Amino acid sequence: MSDAIDHVLAETRFFSPPEEFARQARLCSDEEYRELHRRSIEEPEEFWGGIADELVWYKRWTRVLNWDNPPFARWFEGGKTNITVNCLDRHLTTARKNKAAILWEGEPYQERRTLTYLELHRLVCRFANALKNLGVGKGDRVAIYLPMVPELAIAMLACARIGAIHSVIFAGFSAPSLVDRLNDAKAKAVITADGGFRRGQVIPLKSVVDEALLQSPTVRHVVVLRRTGTDVHWVHGRDHWWRDVMDPASSVCEPEPMDSEDPLFILYTSGSTGKPKGVLHTTGGYMVGTYLTTKYVFDLREEDTYWCTADIGWVTGHSYIVYGPLANGATTLLYEGAPNHPTPDRFWQIVERYRVNIFYTAPTAIRAFMKWGDGWPRRYDLSSLRLLGTVGEPINPEAWLWYHKTIGQERCPIVDTWWQTETGGIMITPLPGLTKTKPGSATIPFFGVDAAVVDEHGHELPPGKGGLLVIRRPWPSMVRTLWGDDDRFVEYYWSRFRQQGWYLTGDGAVRDEKGYFTILGRIDDVINVSGHRLSTMELESALASHPSVVEAAVVGFDHEIKGLGIAAFVTPAGGVLPGIQLAGELSEHVKKTIGAIARPDQVRFTDSLPKTRSGKIMRRLLRDIASGREIKSDTSTLEDYSALAKLYDEE
Ligand code: WT7
């Protein structure tokens with residue numbers, strides 16, 4: 001059996017970088033990109049050494065890359081640094097000293113805070129001392145379970161300051177998920193809040209922690225931030241108010257000199273099965289990787305206001321709200337709440353108020369904005385925006401075009417950035433001043449990234465043939481291992497191409513003649529219909545190109561005759577009547593766009609699709625729904641499958 005994926009959608013629209021943008025961009029010539037990319041691959045020592053030299057080290061490395069023992073890479077071996085010195089201290093002797101580092105807006109109205117670099121530095125040092133006073137030191141694991149408040153970034157940086165390893169746990173996770181993560185890492189302390197605000201509701205975080213700690217014996221201290229004023233249960237000796245530990249703490253804290261390969265953080269990512277994987281990132285390589293990608297992919301300039309809407313509970317927030325932007329001395333915006341609280345224009349209000357220049361969000365959010373209607377963004381002045389980005393999933397061309405027109409007003413390049421928790425930083429992406437973008441394509445590999453599309457034997461596939469996306473060389477911000485489980489790390493990512501020493505991404509992709517990569521979704525989701533291997537991304541994009549559709553998810557299900565049938569779950573556009581007629585029209589539309597082979601056997605309509613907490617469609621749940629019920633081609637009642645998702649265990 002071949003692993004090749006049939007590539008069935010042809011996208012022919014290209015968008016050149018707007019002239020005005022290109023004129024001022026850091027990189028604006030193809031030749032320059034090609035030369036830099038070549039050097040980054042062929043002369044990694046010089047290339048990465050040169051970049052690392054832009055940052056501060058206590059001791060220079062002796063070797064840029066040690067790959068003697070794959071897949072365990074060592075970057076900037078022998079080097080010593082502290083990431084907080086690069087994110088904070090080094091800016092204090094420059095004009096950035098009193099520049100806003102973090103702009104924060106809380107979900108409830110009128111709550112705003114600005115932290116300058118100097119203020120952020122002081123708070124980080126004080127909290128670092130507070131942790132020390134509790135007995136937390138280098139190598140200890142600290143779990144952070146906080147809402148999107150500045151203290152979340154402060155806590156992370158304070159850990160990094162003293163060499164403690166942070167493990168940020170998204171504040172939407174339940175007590176059992178917390179238990180798994182705390183126990184796997186043997187966390188010594190937990191930083192949390194009494195509660196968090198979400199769509200006007202209070203989420204009682206401290207009580208979730210209390211419940212989890214009944215089963216997490218390693219945790220000795222809990223620091224609790226007052227956020228919502230919620231009543232909390234208190235364990236004396238174990239629990240401490242944030243204010244009380246901060247009060248006596250000095251604002252002078254010498255940074256711990258960290259070995260380049262000393263762990264910086266663990267971030268748990270749910271595997272499709274089994275227990276969550278503790279992705280481990282280390283100090284030097286992660287620092288250099290996020291610094292460089294932030295600088296070039298977002299074309300950051302001193303005066304920019306930069307906003308990434310992700311939650312810091314995911315890697316996007318680690319790399320592109322906290323570490324990358326601060327390493328570049330940028331102003332990074334943090335918003336606590338939901339995009340539709342109290343009304344669906346909250347994001348555009350924020351863009352207008354802070355004159356956001358760079359805006360980075362997820363396709364799932366973009367499709368929600370489309371569903372809510374153009375009226376919301378139209379009311380606001382979005383003229384400050386100069387660059388847009390997406391991450392997290394393939395973006396279907398319709399959503400891309402909507403983003404381009406309605407938000408970018410045809411003036412802003414869009415960077416569709418492909419990467420993973422494991423890659424630490426952006427891997428495949430347009431460079432906004434030079435790459436001609438193609439809706440739905442993440443385009444070209446970033447510096448140092450040797451990406452390829454191969455078949456199951458590792459043979460590179462020709463343009464237009466879909467296959468496995470692999471990375472053939474180590475890169476600085478790569479995952480170093482899964483916490484406490486080297487075997488699982490080797491098995492999961494490196495066993496498929498052990499001989500070659502290639503990293504298996506788990507994603508399908510296709511390259512075009514220009515060398516552009518288009519991500520086709522997870523390999524496990526590919527649907528094999530009568531011998532044709534169809535990617536979910538292309539089927540979903542075909543459906544979403546119909547004017548009556550805002551979002552679609554496609555899965556395979558057991559079919560008596562064909563073996564596997566195609567089920568489509570469709571969210572119709574506002575004002576569109578779902579029913580048998582529309583179902584027929586959509587089937588016809590897919591047939592016309594892709595071919596008869598791709599015609600869905602079931603079309604179901606839904607108000608909202610079930611998503612994971614990070615916004616990815618829960619295909620496993622949809623497969624069960626599609627397989628488990630009698631087949632009706634016209635579900636005209638709108639079901640809310642996202643409600644079902646809550647009953648499902650994500651891990
Ligand atoms: C998976 C990684 C990277 C930070 C957020 C998600 C999918 C991510 C794209 C993109 C198509 C994308 C892939 C990848 N993905 N970005 N631009 N185009 N697919 O991190 O939870 O580790 O998920 O997200 O399937 O493997 P993550």
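As a basis for the values below, the full set of heavy atoms in this structure was taken, side chains included, without hydrogen atoms, waters or symmetry mates. Whatever order the structure lists ligands and atoms in, that order sets their numbers, starting from 1. Keep in mind it's a predicted model, so treat the numbers as computed, not measured.
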Go through ligand 1 atom by atom and flag the ones less than 4.0 Å from a non-hydrogen atom of [X].
{"X": "T417", "value": "9 (C), 10 (C), 16 (N), 17 (N)"}
{"X": "V315", "value": "4 (C)"}
{"X": "T421", "value": "20 (O), 21 (O), 22 (O), 27 (P)"}
{"X": "D416", "value": "10 (C), 17 (N), 18 (N)"}
{"X": "G392", "value": "7 (C), 8 (C), 9 (C), 12 (C), 15 (N), 16 (N), 24 (O)"}
{"X": "P394", "value": "11 (C), 18 (N), 19 (N)"}

Check: Y335 and E107 side chains under 4.5 Å, non-hydrogen atoms: yes
D507, T505, L469, T316: member with heavy atom nearest to atom 26 (O) of ligand 1: D507
Aromatic centroids of [Y] and [X] separated by under 6.0 Å:
{"X": "W494", "Y": "Y503", "value": "yes"}
{"X": "H166", "Y": "H318", "value": "yes"}
{"X": "F265", "Y": "Y286", "value": "yes"}

cation_pi(K277, Y492) dist<6.0 Å, angle<=45: yes
R623 NZ/CZ over F557 ring centroid, <6.0 Å and within 45° of normal: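 Relative to the ring axis of F557, which defines the angle, R623 lies outside at least one limit.
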Under-4.0 Å heavy-atom contact with ligand 1, by part of R522 that carries it: side chain
Part of A442 with heavy atoms under 4.0 Å of ligand 1, whether side chain, backbone, both or neither: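 Within the 4.0 Å criterion, A442 makes no contact with ligand 1.
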Any W419 heavy atom less than 4.0 Å from ligand 1: yes
Within-shell test, K616 vs ligand 1, heavy atom, strictly < 4.0 Å: yes
Ionic contact status for D416 with K438, cut-off 4.0 Å: no
Nearest protein heavy atom with distance in Å, relative to atom 10 (C) of ligand 1: E393 O, 3.5 Å
Spacing of NZ belonging to K436 relative to NZ belonging to K514, to within rounding of 0.5 Å: 5.0 Å
